[in-house]
A.B. asks: 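Have a look at the structure that comes next, please.
Numbers restart at 1 for each chain; the letters A, B, ... are given by sequence-line order, proteins then strands. Just so it is clear, the structure is predicted and the values come from calculations on it, not from any experiment.
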Number of protein chains: 2
Amino acid sequence: MKPESSHSEPASYSISDLSREFGITTRTIRFYEDKGLLAPERRGQARIYSPEDRVRLKLILRGKRLGFSLDESREIIEMYDPAHGNVEQLQRLLQGIEQKRAQLQQQLRDIQSLMGELDDAEERTRASLAKNISP
Amino acid sequence: MKPESSHSEPASYSISDLSREFGITTRTIRFYEDKGLLAPERRGQARIYSPEDRVRLKLILRGKRLGFSLDESREIIEMYDPAHGNVEQLQRLLQGIEQKRAQLQQQLRDIQSLMGELDDAEERTRASLAKNISP
DNA sequence: GCAAAGGTTTACGTTAACGTAAACGTAAGG
DNA sequence: CCTTACGTTTACGTTAACGTAAACCTTTGC
């Protein structure tokens with residue numbers, strides 16, 4: 001069911017293959033399809049996922065780790081191919097890209113400050129521990 | 001209603017002061033209180049927010065930008081004071097801090113890769129634009 | 001032939017994070 | 001005294017992102 005030629009990439013995946021690999025339920029994967037984020041082929045009734053489908057799923061999950069909604073993740077994925085010919089649409093695409101970049105930069109700043117505060121918190125906690133153990 | 005001595009920090013804020021400053025509704029602020037993230041004093045019935053309350057609110061909103069739930073933000077805020085004497089609790093606090101750090105590092109990696117992909121997407125989009133304008 | 005393993009659709013349930021609205025209190029200004 | 005601005009409580013409504021369960025195929029191993 002998962003023909004793997006010696007050491008490279010599987011040609012296709014079942015839904016439970018992907019659910020196991022990424023630690024999510026099959027319900028979740030079908031839900032993403034319902035929302036238009038995935039569109040696997042069918043062999044009869046069953047879904048069969050290509051390596052590209054798997055990549056899309058990875059992108060969705062990365063988006064989740066960054067706090068993106070599924071709509072945001074879909075937009076980001078759609079940014080990957082500028083097949084949307086129209087000049088005006090391409091301009092708006094560039095705008096969208098710039099916006100995401102700004103958001104990511106804000107997140108970077110947020111992470112930096114939070115990291116620093118965690119360092120301080122750890123230090124204070126260790127100090128508190130030392131006081132509670134020695135005397 | 002907001003005594004400010006020349007150039008420093010206001011001593012207190014009303015709920016609409018804060019809602020205006022941060023671009024959120026008063027409903028949201030009260031909701032956070034309901035969830036135990038804020039505990040402003042009262043003057044009669046009205047809420048009166050201290051500078052510390054305002055900082056807590058800022059931390060909550062930063063958490064939101066990073067995709068944290070309110071429960072997660074509360075935990076993070078609670079990490080700031082190791083008054084929780086018990087040694088065992090302090091150990092678990094250190095664990096929590098370490099976990100958050102790991103999560104933030106994952107987010108950093110995610111942002112880095114996404115940034116790179118946005119660069120590529122922009123480049124392809126500009127190329128597509130050039131093709132659609134010149135000929 | 002049949003049970004077990006994996007897949008499917010359909011549909012109702014749940015949780016977080018607020019939105020929205022009603023009904024009311026209170027202090028200041030004209 | 002009356003309006004206006006700002007605040008309050010209470011409560012039902014909404015959206016996203018799934019969970020859960022029922023009822024049903026279909027292929028495979030014994």
A.B. asks: Do B/E33 and B/R30 meet the salt-bridge criterion of a basic N to acidic O distance under 4.0 Å?
C.D. replies: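 Looking at B/E33 together with B/R30, the answer is no, because their closest N to O distance does not fall below 4.0 Å.
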A.B. asks: Whole-Å distance between D/dG7 C1' and B/E41 CD?
C.D. replies: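 Spelled out: CD on B/E41 to C1' on D/dG7 is 17 Å.
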A.B. asks: Can a donor-acceptor pair be found between the side chains of A/T25 and A/T28 at a distance below 3.5 Å?
C.D. replies: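 On atom types as modelled, these side chains qualify, holding a pair under 3.5 Å.
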A.B. asks: Calculate the interatomic distance between A/R43 atom CZ and C/dT8 atom P; express it in whole Å.
C.D. replies: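 Atom CZ in A/R43 sits about 11 Å away from atom P in C/dT8.
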A.B. asks: Is it the case that the side chains of A/S128 and A/R124 hold a donor-acceptor pair, with the cut-off being a distance below 3.5 Å and no angle test?
C.D. replies: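 Result is no, nothing qualifies.
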A.B. asks: From the list C/dG7, D/dG7, D/dG19, which nucleotide is the closest neighbour of the side chain of A/S16?
C.D. replies: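 That would be C/dG7.
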A.B. asks: Look at the side-chain N and O atoms of A/T25 and state whether any lies under 4.0 Å from the OP1 or OP2 oxygen of D/dG19.
C.D. replies: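 Answer is yes, contact under 4.0 Å.
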A.B. asks: Please tabulate the protein-to-nucleotide N/O contacts below 3.5 Å involving nucleotides 8-12 of chain D, giving atom names and distances.
C.D. replies:
from: D/dT8; atom 1: OP1; to: B/R47; atom 2: N; distance (Å): 2.8
from: D/dT8; atom 1: OP1; to: B/R47; atom 2: NH1; distance (Å): 3.1
from: D/dT8; atom 1: OP2; to: B/R30; atom 2: NE; distance (Å): 3.1
from: D/dT8; atom 1: OP2; to: B/R30; atom 2: NH2; distance (Å): 2.7
from: D/dT8; atom 1: O5'; to: B/R47; atom 2: NH1; distance (Å): 3.2
from: D/dT9; atom 1: OP1; to: B/R42; atom 2: NH1; distance (Å): 3.3
from: D/dT9; atom 1: OP1; to: B/R42; atom 2: NH2; distance (Å): 3.4
from: D/dT9; atom 1: OP2; to: B/R47; atom 2: NH1; distance (Å): 3.0
from: D/dT9; atom 1: OP2; to: B/R47; atom 2: NH2; distance (Å): 2.8

A.B. asks: Looking at D/dA17, I'd like to know if its phosphate oxygens (OP1 or OP2) sit under 4.0 Å from a side-chain N or O belonging to A/T28.
C.D. replies: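 Looking at the OP1 and OP2 atoms of D/dA17, neither is under 4.0 Å from any side-chain N or O of A/T28.
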A.B. asks: Nearest whole angstrom, please: distance from the P of D/dC18 to the CG of A/L37.
C.D. replies: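 For the pair A/L37 CG and D/dC18 P, the rounded distance is 10 Å.
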A.B. asks: Under 4.0 Å between any heavy atoms, over every strand shown, what does B/Y32 touch: base, sugar-phosphate, or nothing? Just pick one.
C.D. replies: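 If one applies the 4.0 Å heavy-atom cut-off, B/Y32 turns out to touch the sugar-phosphate alone, with no base involved.
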A.B. asks: For B/R20 and D/dG7, what is the distance between atoms CZ and C1' respectively, to the nearest whole Å?
C.D. replies: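 Answer to the nearest Å: 13 Å.
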A.B. asks: Side-chain N or O of B/K64 versus OP1/OP2 of C/dA17: is the shortest distance under 4.0 Å?
C.D. replies: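 The answer is no; no side-chain N or O of B/K64 sits under 4.0 Å from OP1 or OP2.
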A.B. asks: Return the value, rounded to whole Å, for the distance between atom CD of A/E33 and atom C1' of C/dG7.
C.D. replies: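 Atom CD in A/E33 sits about 13 Å away from atom C1' in C/dG7.
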A.B. asks: Is atom CZ of B/R65 surrounded by more than 12 heavy atoms (other residues, nucleotides or ligands) closer than 6.0 Å?
C.D. replies: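 Yes.
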A.B. asks: Does the distance from a Lys or Arg side-chain N to an Asp or Glu carboxylate O, for B/D71 and B/K35, drop under 4.0 Å?
C.D. replies: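 Result for this pair is no, no salt bridge flagged.
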A.B. asks: Identify, with sequence neighbours excluded, every residue that meets side-chain hydrogen bond (donor to acceptor under 3.5 Å, both in side chains) alongside A/Q106.
C.D. replies: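 Only A/R109, A/D110 meet the side-chain hydrogen bond (donor to acceptor under 3.5 Å, both in side chains) criterion with A/Q106.
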A.B. asks: In the structure I gave you, are the side-chain heavy atoms of A/I76 and A/L59 within less than 4.5 Å of one another anywhere?
C.D. replies: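 With C-beta onward as the side chain, the pair stays apart.
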A.B. asks: If you measure from the Lys or Arg side-chain nitrogens to the Asp or Glu carboxylate oxygens, is any gap between B/E123 and B/R126 under 4.0 Å?
C.D. replies: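 Looking at B/E123 and B/R126, the cut-off is not met.
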A.B. asks: Given side chains that start at C-beta, do those of A/E72 and A/Q103 come closer than 4.5 Å, heavy atoms only?
C.D. replies: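 They are in contact (side-chain heavy atoms under 4.5 Å apart), so the answer is yes.
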A.B. asks: Polar pairs (N or O, both sides) under 3.5 Å between protein and nucleotides 14-16 of chain C?
C.D. replies:
none

